[in-house]
Amino acid sequence: MSSENKKHQGSIFFPLPDGTGLRYHLEGTAEAPRCSGAISRQVPCRKCHTELIPVSNWLHRPQRFLVVIDMLKPENLESSSVLQGCSYMDVPSSAKKDYQLTFLSYKEGVFRAKVTFLNETTGEYLFHMVTFKVVASGPMGTVQMSTAVRQRVSSSVKVDNPLPVPVTFDINCKVPDVSVPQHFTVPAQSKADLVLEYQPLQTGESSGQLVLQSSDLGSLFYTLQLKATWSRPEKPVYFRTRLGSRQTITTKIRHFAQQKTEYLVQTDCADFQTAKIHQNVFRKATAFQYAVKHPGFTVRAPEVLRAKSSTTITVSFAGGPAPVTSRLVVSCPGGSWIYHLRGLPSPRK
């Protein structure tokens with residue numbers, strides 16, 4: 001190339017047959033070289049990429065080039081990106097050789113650089129334009145979890161931080177049965193385990209995605225494969241009572257859902273009731289008889305009760321000079337019930 005203030009100069013002479021000749025003075029200007037090639041690549045983040053740049057030696061002798069990498073976009077590389085190669089390159093005479101340029105980025109974006117190969121002795125050079133479009137990578141891994149409904153199981157994913165400073169990730173997981181913290185910090189140049197908990201409320205298989213987002217390291221994606229199986233029966237509830245009598249036992253039901261839910265309680269045996277209380281425990285209308293041993297007591301109650309219904313037995317005492325004890329016997333074809341009665345004397349005037 002010619003400098004700004006000095007042109008290339010030369011001369012040419014043409015001899016003529018009569019012994020004379022023509023001589024011309026020549027001047028020329030050599031501008032800077034044009035781009036030797038433009039390279040554009042789409043590269044997934046967190047994947048190391050090696051780009052081969054062809055470099056030609058236009059001289060008939062070997063050349064050593066100083067390799068200069070100038071970032072155009074962004075102007076300065078952050079610690080989450082790497083673009084590098086050897087500082088010098090030797091190319092044989094009149095030959096072509098590939099230069100290895102290594103690129104790695106942990107974040108999505110567009111990176112553009114000018115790679116110049118300079119002969120420090122002559123000042124001659126050639127250059128290439130390189131553009132890398134970094135896109136989101138595929139899933140970093142697959143997390144598989146399986147458990148019975150309402151049972152909790154945990155798993156973990158290992159998150160790598162290659163930077164010299166701690167990195168905090170925002171965590172997003174839209175699977176309702178999976179619990180994760182909202183934020184997760186990984187110390188500088190280390191790895192840490194992010195713990196996930198899975199507690200399904202319905203049987204079946206499902207899938208989802210776990211996303212970790214950071215301003216320093218971009219996005220991390222994990223695929224979730226989940227399976228919920230039938231749970232074992234809860235602890236048994238034991239009843240023991242006499243025929244016609246009733247025993248009530250209260251059991252606790254733990255509600256795991258995040259919203260209000262109504263439960264329907266059902267039994268496969270008609271002898272158990274879960275909502276209403278009945279005096280006639282039989283499955284059909286039944287006739288009852290009422291008998292009192294002492295004539296001072298009178299009983300009033302319906303003789304026939306509908307199935308699974310209840311009633312009130314009214315017992316009256318006529319009174320007397322002394323306390324009276326007796327028994328009320330309620331009987332039906334299915335059994336009998338005995339109630340103890342005690343009548344107190346009427347107060348004296």
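- Atom OG1 of residue Thr131 and atom CD of residue Gln42 lie 12.5 Å apart, to the nearest 0.5 angstrom.
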Practice item. Show the numbers, then the answer: is there a side chain to side chain contact (heavy atoms under 4.5 Å, CB included) between Leu220 and Arg46? Key: CA-CA 10 Å; Leu220 300 176; Arg46 292 179 181 80; 2.8 Å; yes
Review point. Under the salt bridge (Lys or Arg N to Asp or Glu O under 4.0 Å) criterion, do Lys158 and Asp193 qualify, and how do the steps go?
Key: CA-CA 5 Å; Lys158 194 171 292 296; Asp193 290 328; 2.9 Å; yes
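- We find the OG-CD distance between Ser93 and Gln63 to be 10.0 Å, quoted to the nearest 0.5 Å.
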Can you give me every donor-acceptor pair (side chain of residues 169-187, partner residue at least two apart or in another chain, under 3.5 Å) with its distance?
{"unit_1": "Asp170", "atom_1": "OD1", "unit_2": "His183", "atom_2": "ND1", "d": "2.8"}
{"unit_1": "Thr185", "atom_1": "OG1", "unit_2": "Thr168", "atom_2": "OG1", "d": "3.0"}

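- Remark: the backbone N or O of Ser146 is not paired with any side-chain donor or acceptor of Thr229 at under 3.5 angstrom.
- Looking only at side-chain heavy atoms (C-beta outward), Val115 and Ile53 come within less than 4.5 Å of each other.
- In this structure, Asp268 places its CG atom where only 12 or fewer heavy-atom neighbours from other residues, nucleotides or ligands lie under 6.0 Å away.
- Residues meeting the salt bridge (Lys or Arg N to Asp or Glu O under 4.0 Å) test with Arg152, sequence neighbours left out: Glu197.
- Residue Glu75 places its CD atom among 12 or fewer non-hydrogen atoms of other residues, nucleotides or ligands, all under 6.0 Å distant.
- The aromatic rings of Phe288 and Tyr290 sit parallel to each other, their planes meeting at less than 30°, with 60° as the upper class boundary.
- Using a distance-only test at 3.5 Å, with no hydrogens or angles considered, no donor-acceptor pair links the side chain of Lys73 to the main chain of Ala113.
- Counting heavy atoms from C-beta outward, His128 and Lys114 have side chains that stay 4.5 Å or more apart.
- Of all heavy-atom pairs between Met145 and Ser154, the closest is SD-C, 4.3 Å.
- Heavy-atom minimum distance, Leu118 versus Gly123: CD1-O, 3.6 Å.
- To the nearest 0.5 Å, atoms OG (Ser231) and CG (Leu201) are separated by 11.0 Å.
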Point to revise | Verdict with supporting geometry, Val91 and Met89, side chain to side chain contact (heavy atoms under 4.5 Å, CB included) | key: CA-CA 7 Å; Val91 182; Met89 179 182 185; 4.1 Å; yes
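- Taken together through direct or relayed side-chain contacts under 4.5 Å among Ile, Leu, Val, Met, Phe, Trp and Tyr, Val167 and Val157 form part of one hydrophobic cluster.
- Hydrophobic clustering (ILVMFWY, side-chain heavy atoms < 4.5 Å, transitive): Leu104 and Leu77 are in distinct clusters.
- Considering only heavy atoms from C-beta on, Tyr198 comes within 4.5 Å of Leu226 through its side chain.
- Side chains of Val134 and Val110 form no contact here, defined as non-hydrogen atoms less than 4.5 Å apart.
- No more than 12 heavy atoms of other residues, nucleotides or ligands shown are found within 6.0 angstrom of CD on Gln202.
- The two residues Arg61 and Thr122 come nearest to each other via the heavy atoms NH2-CG2, 4.4 Å.
- The aromatic ring centroids of Phe65 and Tyr88 lie 6.0 Å or more from each other.
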Point to revise | From CA spacing to verdict: side chain to side chain contact (heavy atoms under 4.5 Å, CB included), Thr298, Arg300 | key: CA-CA 7 Å; Thr298 58; Arg300 186 175 60 186; over 6 Å; no
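- The OG1 atom of Thr102 sits 7.0 Å away from the CD atom of Gln100 when rounded to the nearest 0.5 Å.
- Note: Phe111 and Phe132 fail the aromatic proximity criterion, with ring centroids not under 6.0 Å apart.
- Linking Ile, Leu, Val, Met, Phe, Trp and Tyr residues whenever their side-chain heavy atoms come within less than 4.5 Å leaves Val153 and Val149 in two separate clusters.
- The two residues Trp58 and Glu124 come nearest to each other via the heavy atoms CZ2-CB, 3.5 Å.
- Shown here is Phe13, whose CZ atom has more than 12 heavy atoms of other residues, nucleotides or ligands within 6.0 Å.
- Sparse packing is recorded around OH of Tyr24, with 12 or fewer heavy atoms of other residues, nucleotides or ligands lying under 6.0 Å away.
- Side-chain atoms of Asn57 come within 3.5 Å of backbone atoms of Pro92 as a donor-acceptor pair (strictly under, hydrogens ignored).
- Across all their heavy atoms, Lys7 and Gly28 have their closest contact at CB-O, 3.5 Å.
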Check your understanding: When you look at Leu194 and Leu212, which way does the side chain to side chain contact (heavy atoms under 4.5 Å, CB included) test go after all the steps?
Key -> CA-CA 10 Å; Leu194 172 63; Leu212 283 72; 4.0 Å; yes
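- Annotation: side chain of Arg150 is in contact with side chain of Glu234 (closest heavy-atom distance under 4.5 Å).
- Annotation: side chain of Asp216 is in contact with side chain of Leu163 (closest heavy-atom distance under 4.5 Å).
- No path of Ile, Leu, Val, Met, Phe, Trp and Tyr side chains, each step under 4.5 Å between heavy atoms, connects Phe117 with Tyr125, placing them in separate hydrophobic clusters.
- Heavy-atom neighbours of His60 NE2 from other residues, nucleotides or ligands within 6.0 Å: at or below the threshold of 12.
- Using modelled atom types, no side-chain atom of Ser137 and backbone atom of Pro44 make a donor-acceptor pair closer than 3.5 Å.
- Hydrophobic clustering (ILVMFWY, side-chain heavy atoms < 4.5 Å, transitive): Leu196 and Phe221 are in distinct clusters.
- We find the CG-OG1 distance between Leu66 and Thr116 to be 9.0 Å, quoted to the nearest 0.5 Å.
- Nearest heavy atoms, Asn161 versus Val165: ND2-O, 2.9 Å.
- Judged purely by atom type and a 3.5 angstrom limit, Gln247 uses its side chain to pair as donor or acceptor with the backbone of Arg240.
- Shown here is Glu108, whose CD atom has more than 12 heavy atoms of other residues, nucleotides or ligands within 6.0 Å.
- Salt-bridge check for Lys191 with Asp160: failed, with every basic side-chain N at 4.0 Å or more from each acidic carboxylate O.
- Summarising the local packing, NZ of Lys107 is surrounded by more than 12 heavy atoms from other residues, nucleotides or ligands at distances under 6.0 Å.
- Counting heavy atoms from C-beta on, the side chains of Tyr99 and Leu52 never come closer than 4.5 Å.
- Expressed to the nearest 0.5 Å, how far OG of Ser11 lies from CG of Leu26 amounts to 6.5 Å.
- You'll find the side chain of Leu101 reaches within 4.5 Å of the side chain of Ile69, heavy atoms only.
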